[in-house]
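The block underneath contains the structure these notes are about, expressed in structure tokens.
Along the sequence shown, residues carry numbers from 1.
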Amino acid sequence: MKEPLVPIPAGRVTLEGALELPATASGIVVFSHGSGSGRSSPRNQFVAAELRRAGLATLLLDLLTPEEDQDYETRFDIDLLTERLGEAVRFVRDRPRTRALPVGLFGASTGAASALRVAASMPDAIRAVVSRGGRPDLTGDPLLAKVRAPTLLIVGGHDYGVIEMNESARDALVHCEREVAIVPGATHLFGERGALEEVARLAAGWFVRHLASAPAREERSSPR
């Protein structure tokens with residue numbers, strides 16, 4: 001079921017998110033975009049649509065306001081993006097229709113770092129993480145070691161340099177199930193024929209496996 005944009009309070013600003021829920025959902029995936037991207041990213045929208053086909057709710061949002069997004073440095077402010085993503089997770093865990101759903105995070109490019117930082121700081125809230133062409137190295141090894149959520153790192157086979165960064169991050173994820181999946185022939189944006197479809201297939205399989213088996217949170221009876 002498609003809903004209009006939802007306002008997400010985040011400190012001194014209000015973010016906009018597109019929340020979509022299938023009739024029956026086994027979990028919800030919150031997206032953390034890379035620098036210069038947002039809820040309108042065609043790549044993230046494609047993946048989100050495939051996740052919904054697999055029975056998962058999705059929340060695509062802009063982590064920065066339009067004004068903030070004009071600032072190049074703000075786009076790479078991982079601390080700020082992590083704080084905003086954490087507010088989005090708290091939003092879905094507090095909303096009546098989504099509060100009982102296990103939460104997963106999908107991070108693209110630099111968004112992978114904020115997703116993993118949130119997973120490290122909210123271990124009881126985050127049940128699974130998927131990174132697409134991510135920069136998990138920006139998370140920092142001490143925080144990677146705190147991640148408990150099963151983590152899938154998807155990288156293009158021709159994304160040289162980033163492959164090695166993801167393999168190093170995998171080795172630093174010492175307290176969770178983790179895996180690097182390499183899509184043959186794909187570059188950083190997975191624009192090659194069939195590459196993004198493979199990303200969506202891998203992500204859906206990971207989230208369904210780990211969110212569908214996660215215990216649902218008990219619904220609170222008191223209205224908010």
Determine whether Val183 and Leu202 satisfy the following criterion, side chain to side chain contact (heavy atoms under 4.5 Å, CB included), listing intermediate values before the conclusion. CA-CA 10 Å; Val183 178; Leu202 290 167; 4.3 Å; yes
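- Inter-residue side-chain proximity for Arg84 and Val13 is flagged as met; some heavy-atom pair is nearer than 4.5 Å.
- With a 4.5 Å cut-off on side-chain heavy atoms, Pro150 and Trp206 count as touching.
- Without hydrogens or angle criteria, Ser114 side chain to Ala112 main chain gives no donor-acceptor distance under 3.5 Å.
- At a threshold of 4.5 Å between side-chain heavy atoms, the hydrophobic network of Ile, Leu, Val, Met, Phe, Trp and Tyr places Leu189 and Phe46 in two separate groups.
- A heavy-atom distance below 4.5 Å is found between the side chains of Arg43 and Arg132.
- Taken to the nearest 0.5 Å, the CD1 atom of Ile28 stands 5.0 Å off from the CG atom of Leu19.
- In this structure, Arg209 pairs ionically with Glu177, as a charged nitrogen and a carboxylate oxygen lie closer than 4.0 Å.
- Closest non-hydrogen pair, Phe190 versus Ile154, comes out as CZ-O, 4.0 Å.
- Closest heavy-atom contact between Ala88 and Ile8: CA-CG2, 4.1 Å.
- The structure places CD of Glu83 at 9.0 Å from CG of Asp77, a figure rounded to the nearest 0.5 Å.
- The shortest side-chain heavy-atom distance between Glu16 and Leu61 does not fall under the 4.5 Å cut-off.
- Using a 4.5 Å heavy-atom cutoff, the side chains of Leu144 and Asp141 are in contact.
- No single ILVMFWY cluster, assembled from side-chain heavy atoms under 4.5 Å apart, contains both Ile182 and Met165.
- Considering every non-hydrogen atom in both Leu211 and Gly27, the closest pair reads CD1-CA, 4.2 Å.
- Look at Arg90 and Glu87 and you find a salt bridge, because one of the NZ, NE, NH1 or NH2 atoms lies within 4.0 Å of a carboxylate O, short of that distance.
- For the 3.5 Å distance criterion, the side chains of Glu192 and Thr187 qualify, holding a donor opposite an acceptor.
- In this structure, Ser32 contributes its side chain and Gly107 its backbone to no donor-acceptor pair below 3.5 Å.
- The shortest distance between side-chain heavy atoms of Leu60 and Val30 does not fall below 4.5 Å.
- Inter-residue side-chain proximity for Thr82 and Ile78 is flagged as met; some heavy-atom pair is nearer than 4.5 Å.
- In this structure, the side chain of Asn166 engages the main chain of Val162 through a donor-acceptor pair within 3.5 Å.
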Walk me through it: do Arg201 and Glu50 pass the test salt bridge (charged side-chain N to carboxylate O under 4.0 Å, His left out)? CA-CA 8 Å; Arg201 185 190 70 82; Glu50 293 304 304; over 6 Å; no
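- The backbone N or O of Leu173 lies less than 3.5 Å from a partner atom in the side chain of Arg178, making a donor-acceptor pair.
- Smallest separation of non-hydrogen atoms from Ala145 and His175: O-CD2, 2.9 Å.
- Between the side chain of Arg97 and the backbone N or O of Arg95 there is no donor-acceptor pair closer than 3.5 Å.
- The structure places CZ of Arg135 at 8.5 Å from OG1 of Thr110, a figure rounded to the nearest 0.5 Å.
- Salt bridge present: Glu68 and Arg12 bring a charged side-chain N and a carboxylate O closer than 4.0 Å.
- Cluster annotation: Leu81 is connected to Val89 through the hydrophobic network of ILVMFWY side chains, with a link wherever side-chain heavy atoms come within less than 4.5 Å.
- Atom-to-atom distance recorded for Ser131:OG and Leu153:CG is 5.5 Å, nearest 0.5 angstrom.
- Checked by atom type and distance alone, the side chain of Glu164 pairs as donor or acceptor with a backbone atom of Gly161 at under 3.5 Å.
- Hydrophobic clustering of Ile, Leu, Val, Met, Phe, Trp and Tyr side chains at less than 4.5 Å, counting indirect connections, unites Val129 with Val92.
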Quick one: side chains of residues 115-126, donor-acceptor pairs under 3.5 Å with protein atoms, not counting sequence neighbours, listed by atom name and distance.
residue, atom, partner, partner atom, Å
Arg117, NE, Thr139, O, 3.4
Arg117, NH1, Asp79, OD1, 2.6
Arg117, NH2, Leu138, O, 2.9
Ser121, OG, Arg117, O, 3.2
Ser121, OG, Val118, O, 3.2

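- In this structure, the side chain of Arg127 does not engage the main chain of Pro102 through any donor-acceptor pair within 3.5 Å.
- Here the shortest heavy-atom pairing between Pro7 and Phe91 reads O-CE1, 3.5 Å.
- Residues Leu56 and Ser26 approach most closely at CD2-OG, 3.5 Å, considering heavy atoms.
- Judged by distance alone, with hydrogens and angles left aside, the side-chain atoms of Asp62 form a donor-acceptor pair with the main-chain N or O of Arg39 at under 3.5 Å.
- For the pair Phe207 and Leu152, the minimum side-chain heavy-atom distance is 4.5 Å or more.
- Taken to the nearest 0.5 Å, the CZ atom of Phe106 stands 14.0 Å off from the CG atom of Leu59.
- Summarising the geometry, atom CG belonging to Asn44 is positioned 10.0 Å from atom CG belonging to Leu51; distances are rounded to the nearest 0.5 Å.
- Salt-bridge annotation for Glu179 and Arg170: absent, with no side-chain N of the basic residue lying under 4.0 Å from a carboxylate O of the acidic one.
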